[in-house]
Protein chains: 2
Amino acid sequence: MEYTVQKLSQLAGISARTIRYYDEIGILKPARINSSGYRIYGRAEVDRLQQILFYRELGVDLQSIKKIMSSPAFDEVKALSEHREQLLARRKQLDLLIRNVEKTIAQRKKGSIMMDKEKFEGFKRKLIEENEQKYGQEIRAKYGEKTVEESNRKFMSMTVEQHAEFTRLEKEIKETLRAAVQTNDPAGELAQKAAELHRRWLGFCWNSYSKEAHAGLAQMYVDDPRFTAYYDEIQPGTAEFFKDAILIYTGLRE
Amino acid sequence: MEYTVQKLSQLAGISARTIRYYDEIGILKPARINSSGYRIYGRAEVDRLQQILFYRELGVDLQSIKKIMSSPAFDEVKALSEHREQLLARRKQLDLLIRNVEKTIAQRKKGSIMMDKEKFEGFKRKLIEENEQKYGQEIRAKYGEKTVEESNRKFMSMTVEQHAEFTRLEKEIKETLRAAVQTNDPAGELAQKAAELHRRWLGFCWNSYSKEAHAGLAQMYVDDPRFTAYYDEIQPGTAEFFKDAILIYTGLRE
DNA sequence: TATAAACCTTGACGTAGCGTCAATGTAAAT
DNA sequence: ATTTACATTGACGCTACGTCAAGGTTTATA
């Protein structure tokens with residue numbers, strides 16, 4: 001079956017202008033140009049457009065799409081599988097947003113307090129996800145399937161050495177915290193050392209440090225069961241203790 | 001808690017440029033400007049930004065967001081509820097896309113045939129959903145929530161007279177359709193009159209008319225059980241009949 | 001306390017991805 | 001044969017920022 005511009009645009013639910021634009025930028029060329037000068041598209045172009053729309057849906061810019069699909073290594077079925085992965089991830093993000101709005105509604109009705117940070121759960125991730133979309137696939141295409149850690153490292157522009165330091169710091173925080181919690185003194189030397197190490201650890205994640213953000217994160221450690229569980233693995237109450245230590249360290253203790 | 005531009009941008013996961021741009025276009029003004037000329041944002045602005053991001057996530061353009069949120073009838077909790085509805089709908093669309101990609105993968109591996117039309121399931125709907133986001137809520141208001149009707153009317157900047165005309169047209173469409181469906185001829189005079197009336201009715205909702213959009217909406221009437229039910233109230237099959245009439249009217253019958 | 005680094009401002013240019021329209025030729029329907 | 005619908009190229013305009021320069025202010029560090 002063959003399609004002219006309008007037919008193809010209707011089929012795909014996009015504008016005729018878009019079809020022509022895609023020809024113009026070389027991302028979707030017609031199969032041929034007929035004697036009248038009309039663009040004629042066929043089955044292969046339909047399939048290609050489908051792929052383009054998946055990439056577009058997942059937020060990939062057109063130049064990247066073009067580069068990916070023009071590579072000799074481009075494998076259509078593999079690409080489709082990757083779209084699926086990304087779509088599933090997008091659905092997870094959407095679930096976060098849905099949970100966020102539900103939480104916001106509930107708390108607005110109750111007139112209770114919601115952490116500012118919580119209000120952007122799902123949105124914030126969008127930035128990270130979009131970056132992963134741009135670069136994560138490139139990494140996967142080059143080296144095959146990797147862990148999220150690998151792509152996150154890329155995103156953060158870390159060198160291998162920096163990453164080792166990052167990991168070492170994390171370990172040291174945990175060990176220092178283990179000793180500090182025994183003192184039961186969040187203002188003590190050990191606790192404050194842990195907080196200082198934590199601050200340095202954050203230096204790898206944040207473009208800039210602020211005491212408020214640090215304090216906010218500490219609060220989140222006790223507010224979010226996932227983080228609480230991470231620290232309470234050392235000993236129940238550690239997350240709370242660490243929060244106090246950080247609040248003291250930042251001078252923002254209430 | 002107060003935030004300067006960068007702090008707020010980090011909190012929300014968007015750029016500082018975006019924050020400034022939003023101030024510039026008047027969609028998110030700072031709480032105050034400090035003695036150095038710095039923008040200072042507070043709790044109310046954080047909540048407002050959250051709402052903006054929800055609207056943005058759902059594809060609403062900034063001018064529309066501004067208009068909606070500056071309306072005296074704007075109800076924060078109600079808006080959040082609507083975001084939730086839309087996010088759930090978006091998730092459905094995503095499920096369609098996921099199913100589409102899975103079907104595509106399966107059929108590519110089997111080397112079997114997939115209808116061209118099927119390949120765009122989920123994408124096509126995106127256009128329709130976006131139109132619904134802008135205008136379809138008004139349609140939905142007709143069938144359900146009267147309180148939302150009031151705020152939507154304001155949004156559309158309708159006069160009382162215009163609203164009466166809008167309502168009268170709606171009634172006339174239904175009556176014409178009732179008579180037309182008895183003829184069982186979607187190309188007939190009555191059916192085409194109904195389609196023409198529908199076009200005029202859409203003139204109150206849409207900034208611009210296009211045959212494709214009209215046809216798309218007609219398709220939606222049979223695809224979406226809510227709309228189908230509205231027309232099938234006249235007589236079962238009316239929605240399908242009206243779709244055919246509109247497709248003929250717009251010349252986009254397949 | 002001085003200095004460097006980080007952050008703020010305004011102003012301005014540029015871009016991706018189209019939407020819209022004009023002018024003109026072609027295909028399909030009447 | 002005529003009208004309507006669809007095609008083309010060319011070109012301007014728009015939304016929503018991204019980027020950068022120049023210069024002032026705040027924060028961290030030595």
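Chain letters run A, B, ... following the sequence lines, proteins first, then strands; residues in each count from 1. Just so you know, these numbers use all the heavy atoms, side chains as well, and skip hydrogens, waters and symmetry mates. In this text, all values refer to a predicted model and were calculated from it rather than measured experimentally.
Put simply, CD on B/Gln63 is 7 Å from P on D/dT15, counting in whole angstrom units. The interatomic distance linking B/Gln6 (CD) with D/dT25 (P) rounds to 19 Å, in whole Å. Atom CD in A/Glu24 sits about 12 Å away from atom C1' in D/dT8, given to the nearest Å. What separates CZ of B/Arg32 from P of C/dC8 is a distance of 14 Å, to the nearest Å. Residue A/Tyr21 contributes atom OH, which lies 19 Å from atom C1' of D/dT8 at whole-angstrom precision. The CG atom of A/Asn34 sits 17 Å away from the P atom of C/dG25 (whole-angstrom rounding). Rounded to an integer number of Å, the gap from NZ of B/Lys7 to C1' of C/dC8 is 12 Å. Across the protein-nucleic acid pair, A/Ile33 atom CD1 and C/dA27 atom C1' stand 16 Å apart, rounded to whole Å.
For B/Ile25 and B/Ser35, each mapped to the nucleotide of DNA chain D holding its nearest heavy atom, the one lying further toward the 5' end belongs to B/Ile25.
Close placement of the B/His198 and B/Phe242 rings is indicated, their centers lying within 6.0 Å of each other.
Shown here for B/Gln192 and B/Pro186, the closest heavy-atom pair between the two residues is NE2-O, 2.8 Å. Between B/Lys67 and B/Ser70, the closest heavy-atom pair is O-OG, 3.2 Å.
At a threshold of 4.5 Å between non-hydrogen side-chain atoms, the residues A/Ile65 and A/Leu62 count as touching.
Within a 6.0 Å sphere centred on NZ of B/Lys29, other residues, nucleotides and ligands contribute more than 12 heavy atoms.
Residue B/Ser36 has a polar side-chain atom (N or O) positioned under 4.0 Å from OP1 or OP2 of D/dT26. Look at A/Thr4 and you won't find any side-chain N or O under 4.0 angstrom from OP1 or OP2 of D/dC6. Remark: A/Tyr22 is not in phosphate contact with C/dG17, judged by side-chain N or O atoms under 4.0 Å from OP1 or OP2. Side-chain N/O atoms of B/Ser15 include none lying less than 4.0 angstrom from OP1 or OP2 on D/dC17.
Applying the side-chain hydrogen bond (donor to acceptor under 3.5 Å, both in side chains) criterion to B/Arg39, with sequence neighbours excluded, gives B/Asp23.
Of all nucleotides listed (D/dC17, C/dC7, C/dC18), C/dC18 comes nearest to the side chain of A/Leu62. The side chain of A/Tyr38 lies closest to C/dT26 when the candidates are C/dT26, C/dC8, D/dG18.
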Mind listing the N/O atom pairs, protein and nucleotides 10-12 of chain C, below 3.5 Å?
residue: C/dT10; atom: OP2; partner: B/Arg39; partner atom: NH1; Å: 3.2
residue: C/dT10; atom: OP2; partner: B/Arg39; partner atom: NH2; Å: 2.8

- [ ] Before giving the answer on side-chain contact (heavy atoms from CB on, under 4.5 Å), spell out for B/Ile14 and B/Leu49 the whole-Å C-alpha distance, their side-chain angles and the decisive distance to 0.1 Å.
- [x] CA-CA 10 Å; B/Ile14 61 180; B/Leu49 179 56; 4.0 Å; yes

